[in-house]
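Keep in mind the model is a prediction, meaning the values are calculated, not measured. Below, chains carry the letters A, B, ... as their sequence lines are ordered, and counting in each starts from 1.
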Amino acid sequence: MVILNGLIYLLVSFVTGLILMGISLKVTARVQKRIGPPIMQPWFDILKLFSKKTNISHGYMMDISVLMLLGGTLLSLFFLPNPYFAHTIYAADIIVLLYLLLFPSLGMAMGVGEAANPNGSIGISRALTMLAGYDFTITIVAVGLAIAANGITYFPAIVSSQAGGFIHWNILHYPLFAIAGFIALLGMLGEKPFEVMVAPHEIATGPMTEFGGKYLGMLFVQHAFALFIEVGIFVNLFLGGGNIYSFIAKIIGVFILLNFVNIVFARFKTEEAVAFFWKYPIILAMLQLIWVVIR
Amino acid sequence: MSEKREYTLYIGPNHPGIEGNYALRLSLEGDIIKKCNTEGGFLHRGFEKLMEQRLWIQNIAIVCRICVPDPDPNENNYARCIEALSGMEIPERAKFIRSLVLELSRIGSHLFTLGGIAATTGIYTMPNWSIAARDRILELFEALTGGRVYHLYTVPGGVRRDLPNGFKDKVLKTMDYIEARLPEYDSLVFENPVFVQRTRGTAVISKETALEWGVTGPNLRACGIAEDVRKNQTYEAYDQIDFNIPTFDGGDCYDRARIRRAEIAESINIVRQLINKMPEGPVWAKIPNPLKWKVPAGEVFIRTESSKGEYGYYMVSDGGRKPYRVNVKGASMTHGTFVLENMLKGARIEDASLIMFSLDACPPEIDR
Amino acid sequence: MKVSEIIYEIKKHFDVLSIDEKNEKYAQIEINEKDLRNVLLHCKHNMNFIHLSAISSVDYIKDNKFSLVYNLFSYKESILLGIKILINREKAEIATINDIYHPAIFFERDIHEMLGINFIGNNHLEKFILDEWDGPPPMRKDFDTLEYVNDTFDWYEYDPEWAKKLGIKKEDLAGEEMEIL
Amino acid sequence: MSNKKIVDQKAAWNHVYRRLNKRSLWMLHYCTGCGAVELPPTMTSRWDMSRFGVAPMVTPRQADILLITGYLAKKSLKRVILTYEQMQSPKWVVGFGSCTINGGMYWDSYSTIKQLSEYIPVDIYIAGCMPQPEAIIHGFNVLLDKINNGTANAWKDYYINYKKYRENQVKVLGEFVTNTDIEKEARYYGVVK
């Protein structure tokens, strides 16, 4: 039963992730006054990538890196409080989850190091630099909310503390945290204005430059899961989780909002992006943290 | 122990951050560009040689291909060279129509460039909007000349044919449409805080350096020098039109983007005046049989203001059926090569593509 | 100020071999090769010709000469002045002027590549456009591009199905040579 | 009996596989010539090409279609060959404009190549100088149909007749090094026995 539930959870998160990718394409297209690709486009893309006949590998490290990427993401998937897989056999600690989210970046760094494309190296160093911005922000937010929920870093406890209608949601009680969290989410997903990792006009596709065929397919699969997890964290932290329907609805809602920001903004330079995080979201989060502590 | 290591990064020819088929070879130290070498020649077709092998009239078909986004200054320049050599006077109406074509082409090219500049900083919505607006201009061209991109419309002695019925109204309507779009671009790009932060103070050219480096066109005007071939060596119908030369003082990427938006507004004004003041009359002076046409011997250098800067054609005729030599000086021959090389020195890798697009370097002009 | 006054000014100091005055704002003069640098310096510093618009070069194969035309523009007076010199075709070299006009650095590189004129003192004469080219400088008049193309490339035979059905021969499809050529 | 069943499965899989390829094509963002100026209108809101699943992609490793947008100078040809060999099969080449067919307007130019298909295999040509966005979209749809019915196989031709292509390339460009060992790759992936 646990295994079946787990599989269902995997399937749901994967499908949701792909739908999010499709929605992103569609929303972008509509704002740009286009019709846009069908919402199923990411499915076709992934299946096409897996059906490529030739796949260039630059060495074993690159093969391992793709597995590490996907493995790290799947692991963090099971640390996310969700309504589909309630048998949380892990101690679902928010700090552990945030720590696990670093795995994909490190895995990517391994593969890029093997491929030795300068665009990739610049891209991955940018991705790791960005960690100094958003990771710190989201940690402050998470710790602050944990303190607010009677000092427990157990993630499901934070979620359940918001139970009982939207009036109890953290987004209303801790709006500064919510703003900081939203900006950090933009940074985590690499959306503009923090799209410094994959900056097409600057460094081609950054770390993915040398990944093609099945390797890129794996990255796409990982991206689908990552979208689900990272938006899911925000939904859990601020929008009180949800049941099997409302959870997905909230994820999609937050994601569309993210996309609106993404579409109309230019991208920062790397330093500017990190400086921005330290200037605004972190200060907002700190203010709220102080308020939470001395309250 | 920290050891600084330089490495080489190619931007282009196969890279989204390059305008056309061109390459920048960057020596990087960290994110800072230590040295930049431009590499051209990917678009070289040997136009100057080809022109020596074709009749005077045949060359109209190839001159426009020298600059792809803004082809009409080429045709105009070529036609005016022949007219200057053979001492031909063209009808007044033809002058107005030629100016109209030049201005429409300028608007189209600037819209293209605006989209490009915005896209380098990540606003991909802007090219979608501005290129759709440019398409309305191309549609006007299609109605007027039959071709969307290459028009072969301005020919020695005038223009190929008169304006079709109802064309003036169409032009005015399109101008209204594009004018109404400009505030949208303002709020999307020029008031976008991130865009302003990225471009303000990036790659500044001072007035003195600009003159020293031979910067021309909109890039020069973004440095605060109000010089324009349309004014200082007026041609076609521009002496009968009342227009300003917009300038900005910053000389940075932001002003180079803004000057293009200002020039679109000014060109719309010029187009309206041209339509209103356009006289009636013939559109083509009588020319000899084009297949047997011999242009009198002589040499001439004629300049035109294109959307990229100052264009120059140096033409030598030995009195034969074909040109003896045509030398094309594209506007980007300074911007795209050594101005760009100098400006990228010390810039950051993030800005390389932004600087290139803000200078509006057009590789086919450099390579010919 | 008219261009004739400018030429009068130049004539005071240097030999002017010929004057071709097109209108009051544009003229082309021919000077001696040895005077070139001094004329340009004079034009730039004393007469406000701060903009070098282009350097154009022509191969006069019959006279065994190359011509170089330096087109200067004065923003102050709105005057275009072409300064022409002729140099020997066999030993085609001339001192660079890129210390006077910076844009010349690329124009000279281009002319060096296309016509094979050597500019002494310009350190940036490496290949720019013709990397994959090992023939003679292509803009020289003695290089025949048509011959080169016929030697190097093949063309498709145009023999479409519809023409076969109609019984049109392949030879008839290729347009006739234009007689006037 | 069992043998026939295996063949059928293979055919069915090929069918599915072609259908998928048809729905998602990534076009390499490489402007080789002046035809590239008609691509932005085709990609952006006027003639939104992404409706057909055709999207621009920036690196050769990830792209499926190589668009040769017009004449190729020799210098570009070398880059195009290197790019083409870096792309992952199956890959398609679209010759764009009359200059790729027979030199077009530049038939007597010393710098441009005349027939693209001598150097790399071409799946379809889009004629015109330059083709309008409608023509480009029509061209893509023809290519999609060809992929769907399994006749767009020019990439195999490059593996099989590599010697011929290489000979032509060397004739124009002189000896040059490509980093991809095509013959080894062809054997490894079983395109050539």
Side-chain angles (χ1 to χ4, degrees), chain B residues 37-44 46 48-50 52-55 84 209 211-216 220 225-227 229 231-234 289 291-292 298-303 310-316 318 321-322 324-330 333-334 336-339 341-342 366-368, chain C residues 20 22-23 25-26 28 50-60 62 67 69-82 84 98 101-107 109-111 113-115 124 126-133 138-141 143-146 148 178-181:
Chain B
N37 284 339
T38 51
E39 285 200 11
F42 298 105
L43 296 166
H44 183 61
E48 293 170 358
K49 193 77 183 175
L50 294 186
E52 290 166 17
Q53 298 168 21
R54 283 162 168 74
L55 299 179
T209 333
L211 290 174
E212 188 82 349
W213 285 353
V215 177
T216 54
L220 185 67
I225 300 167
E227 288 296 345
V229 182
K231 282 272 194 205
N232 65 27
Q233 249 199 345
T234 186
N289 177 357
L291 296 179
K292 295 180 180 169
E299 348 186 325
V300 72
F301 182 76
I302 300 272
R303 306 186 309 146
E310 174 206 58
Y311 240 92
Y313 270 55
Y314 179 73
M315 189 181 280
V316 181
D318 59 351
R321 283 202 188 99
K322 301 170 184 173
Y324 188 74
R325 167 104 167 116
V326 184
N327 185 290
V328 183
K329 183 256 173 180
M333 278 172 82
T334 49
T337 55
F338 101 108
V339 172
E341 278 178 15
N342 280 322
I366 303 169
D367 296 345
R368 288 156 295 143
Chain C
D20 181 6
K22 318 266 180 193
N23 55 38
K25 293 290 181 188
Y26 172 36
Q28 183 169 311
I50 48 171
H51 179 57
L52 173 69
S53 194
I55 304 177
S56 306
S57 182
V58 186
D59 179 7
Y60 292 105
K62 276 181 200 151
S67 80
V69 183
Y70 296 76
N71 284 296
L72 309 178
F73 189 73
S74 157
Y75 285 122
K76 199 177 168 203
E77 314 285 351
S78 294
I79 287 177
L80 185 65
L81 181 67
K84 178 177 171 179
N98 72 39
Y101 290 105
H102 289 282
I105 208 164
F106 180 76
F107 296 141
R109 189 178 177 181
D110 192 59
I111 291 172
E113 207 162 23
M114 295 300 173
L115 285 144
H124 295 269
E126 66 269 32
K127 294 241 170 181
F128 182 71
I129 289 171
L130 300 170
D131 270 12
E132 309 287 341
W133 177 257
M139 296 301 160
R140 289 197 177 196
K141 284 281 175 188
F143 170 69
D144 188 353
T145 150
L146 203 57
Y148 174 84
M178 278 171 85
E179 281 170 17
I180 45 106
L181 296 176

A.B. asks: Going through the checks in order, is the side chain to side chain contact (heavy atoms under 4.5 Å, CB included) test met by C:Y60 and B:V316?
C.D. replies: CA-CA 11 Å; C:Y60 292 105; B:V316 181; 3.8 Å; yes

A.B. asks: My understanding is that only residues two or more places apart in sequence, or in another chain, count here; which of them pass side chain to side chain donor-acceptor pair (under 3.5 Å) with C:D20?
C.D. replies: C:K22

A.B. asks: Looking at chain B, which one of C:A104, C:G82, C:S57 has the largest number of heavy-atom pairs inside 4.5 Å, strictly under?
C.D. replies: C:S57

A.B. asks: Could you measure the distance from the OG1 atom of B:T334 to the CG atom of C:L52? Nearest 0.5 Å is fine.
C.D. replies: 10.0 Å

A.B. asks: C:F107 versus chain B, heavy atoms under 4.5 Å apart: side chain, backbone, both or neither?
C.D. replies: side chain

A.B. asks: Go through the atoms of B:E310 and report whether side chain, backbone, both or neither lie under 4.5 Å from a heavy atom of chain C.
C.D. replies: side chain

A.B. asks: If you measure from CH2 on B:W213 to CD1 on C:I105, what distance do you get to the nearest 0.5 Å?
C.D. replies: 11.5 Å

A.B. asks: Looking only at side chains, do C:H51 and B:E227 share a donor and an acceptor under 3.5 Å apart?
C.D. replies: no

A.B. asks: What residue in B:R325, B:E52, B:E39 has the most heavy-atom pairs under 4.5 Å with chain C?
C.D. replies: B:R325

A.B. asks: Tell me which of these, C:K141, C:K25, C:K84, has more heavy-atom pairs under 4.5 Å with chain B than the rest.
C.D. replies: C:K141

A.B. asks: Is the shortest side-chain heavy-atom distance between B:Y314 and C:Q28 below 4.5 Å?
C.D. replies: yes

A.B. asks: Chain C: which of B:H44, B:R303, B:Q233, B:E48 shares the most heavy-atom pairs with it under 4.5 Å?
C.D. replies: B:R303

A.B. asks: Return yes if some donor-acceptor pair links the side-chain N/O of C:Y26 with the main-chain N/O of B:F301 below 3.5 Å, else return no.
C.D. replies: yes

A.B. asks: Is it true that a side-chain atom of B:K49 and a backbone atom of C:R140 form a donor plus acceptor pair closer than 3.5 Å?
C.D. replies: yes

A.B. asks: Are the side chains of C:Y75 and B:I225 in touch, meaning some heavy atoms are under 4.5 Å apart?
C.D. replies: no

A.B. asks: Please round to the nearest 0.5 Å and tell me the distance separating atom CG of B:N327 and atom CG of C:D110.
C.D. replies: 7.5 Å

A.B. asks: Determine whether C:S56 and B:K329 make a side-chain contact, defined as any pair of heavy atoms from C-beta on separated by less than 4.5 Å.
C.D. replies: no

A.B. asks: Are side-chain heavy atoms of B:I366 and C:F128 found at a separation under 4.5 Å?
C.D. replies: yes

A.B. asks: Would you say B:V229 and C:F73 make side-chain contact, with heavy atoms under 4.5 Å?
C.D. replies: no

A.B. asks: With only heavy atoms counted, which part of B:F42 is less than 4.5 Å from chain C, the side chain, the backbone, both or neither?
C.D. replies: neither

A.B. asks: Under the side chain to side chain contact (heavy atoms under 4.5 Å, CB included) rule, collect the residues that match up with C:K127, sequence neighbours excluded.
C.D. replies: C:E113, C:D131

A.B. asks: B:A84, B:G41, B:G298, B:G312: which one forms the most heavy-atom pairs within less than 4.5 Å of chain C?
C.D. replies: B:G41

A.B. asks: If we only count heavy atoms from C-beta on, is the B:N342 to C:H102 side-chain gap below 4.5 Å?
C.D. replies: no

A.B. asks: Chain B: which of C:I50, C:N23, C:N71, C:V69 shares the most heavy-atom pairs with it under 4.5 Å?
C.D. replies: C:N71

A.B. asks: With only heavy atoms counted, which part of C:F106 is less than 4.5 Å from chain B, the side chain, the backbone, both or neither?
C.D. replies: side chain

A.B. asks: Is it the side chain or the backbone of C:D59 that comes within 4.5 Å of chain B heavy atoms, both, or neither?
C.D. replies: backbone

A.B. asks: For C:L130, is it the side chain, the backbone, both or neither that has a heavy atom under 4.5 Å from a heavy atom of chain B?
C.D. replies: side chain

A.B. asks: Using heavy-atom distances under 4.5 Å, tell me whether B:I302 contacts chain C through its side chain, its backbone, both, or neither.
C.D. replies: neither

